[in-house]
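As the structure lists them, so they are numbered: ligands from 1, and atoms in each ligand from 1. Here, residue 1 is the first one in the sequence, and each next residue gets the next number. Because the structure is a prediction, the values reported are computed rather than measured.
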Amino acid sequence: MKKPVLEMNNVSKTYDGSTKALQGLSLSVYRNELISIIGPSGAGKSTLLRCINRMIEPDEGSRIRFDGNEIATMNKRELREVRKHVGMVFQHYNLVYRLSALENTLHGRLGYYSTLKGALSLFSDEDVKRACELLDSLGLEDRKLFKCGNLSGGQKQRVGIARALIQDPKLILCDEPIASLDPQSSKNIMEQLKRITRDMGIPCLVNLHQVDVALAYSDRIIGMNNGEIVFEGRPEQLTEAQISKIYGASIDELIAS
Ligand SMILES: Nc1ncnc2c1ncn2[C@@H]1O[C@H](COP(=O)(O)OP(=O)(O)OP(=O)(O)O)[C@@H](O)[C@H]1O
Ligand SMILES: [Mg+2]
């Protein structure tokens, strides 16, 4: 049987002792899968992604196995090792705008360097070559030395993806990667993520607000509402009734809004 890359069991997160952002949810992620997580604002999508590498501490009793190891009980050193292998892609890119696309990509290697070497940007020739190849493969061959602040949104996000890929990730987490992009750039980014899962075998967990995008690109869709998974299935299994259940609104209301 195929082993999951990520196995979440009974994962909960309560903020400030009262807001139950995640309520005992379970989810397994396998290689070669692009999984979209959809749901209304406040459903817990970002909390779910951030609990995976403990950027947010899940409640006691939550079990998260990544690449065969339990994350919840890891010490700092073990957690650093895990974070090295989890790439993250953000809505607002999280790039250093005064630095080039190449330098920002290389930042994805920092987890592999000592603090001093990293601080002095003493990246190996091999890593520089790899960063260049990744930027080429993402269509940024003529933008490598551009300051990231001068790139378009779609180009910035492709640098964000290059930075995630150079980590040699076993999993990529994307929190609304296309929320700030125009439709054409959104399509391009989703196609890149699809290519990464299919050709490189790296699973991607992607938070999305657009149901049509989730339907077009996902191998599996997770629907969340109020901290719980209320739908899980292939795109063709997502009916209008299911969409209403996820969003707590009728399709007509959703289209109108
Ligand atoms: N740091 C925090 N402190 C307290 N409550 C929080 C914190 N972060 C999130 N929450 C609450 O947890 C719930 C889930 O938030 P989360 O950001 O995970 O939702 P989301 O599905 O990502 O929403 P959106 O689609 O708007 O990004 C919300 O009720 C939110 O107000
Ligand atoms: Mg969010």
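- Atom NZ of Lys144 has more than 12 neighbouring heavy atoms from other residues, nucleotides or ligands inside a 6.0 Å radius.
- We find that Arg77 and Glu81 are not joined by a salt bridge, their nearest charged nitrogen and carboxylate oxygen being 4.0 Å or further apart.
- The number of heavy atoms from other shown groups lying within 6.0 Å of NZ (Lys187) does not exceed 12.
- Side chains of Ser180 and Gln91: a donor-acceptor N/O pair is present below 3.5 angstrom, by distance only.
- For Glu126, the CD atom sits in a loose shell: 12 or fewer heavy atoms of surrounding residues, nucleotides or ligands are nearer than 6.0 Å.
- A side-chain donor from one of Thr47 and Tyr15 sits under 3.5 Å from a side-chain acceptor of the other.
- For ligand 1, residues of the protein lying within 4.0 angstrom by heavy-atom distance are Tyr15, Asp16, Thr19, Ala21, Pro40, Ser41, Gly42, Ala43, Gly44, Lys45, Ser46, Thr47, Glu176, His209.
- Classification of the His85-Tyr112 ring pair by plane angle, with boundaries at 30° and 60°, yields perpendicular.
- Around atom CD of Glu240, no more than 12 heavy atoms belonging to other residues, nucleotides or ligands sit under 6.0 Å away.
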Evaluate the side chain to side chain contact (heavy atoms under 4.5 Å, CB included) criterion for residues Lys170 and Phe66: first the C-alpha distance (whole Å), next the side-chain angles of each, then the deciding distance (0.1 Å), finally the verdict.
CA-CA 9 Å; Lys170 291 178 180 158; Phe66 173 71; 3.8 Å; yes
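- Of all protein N, O or S atoms, those under 2.8 Å from the Mg ion (ligand 2) number 1.
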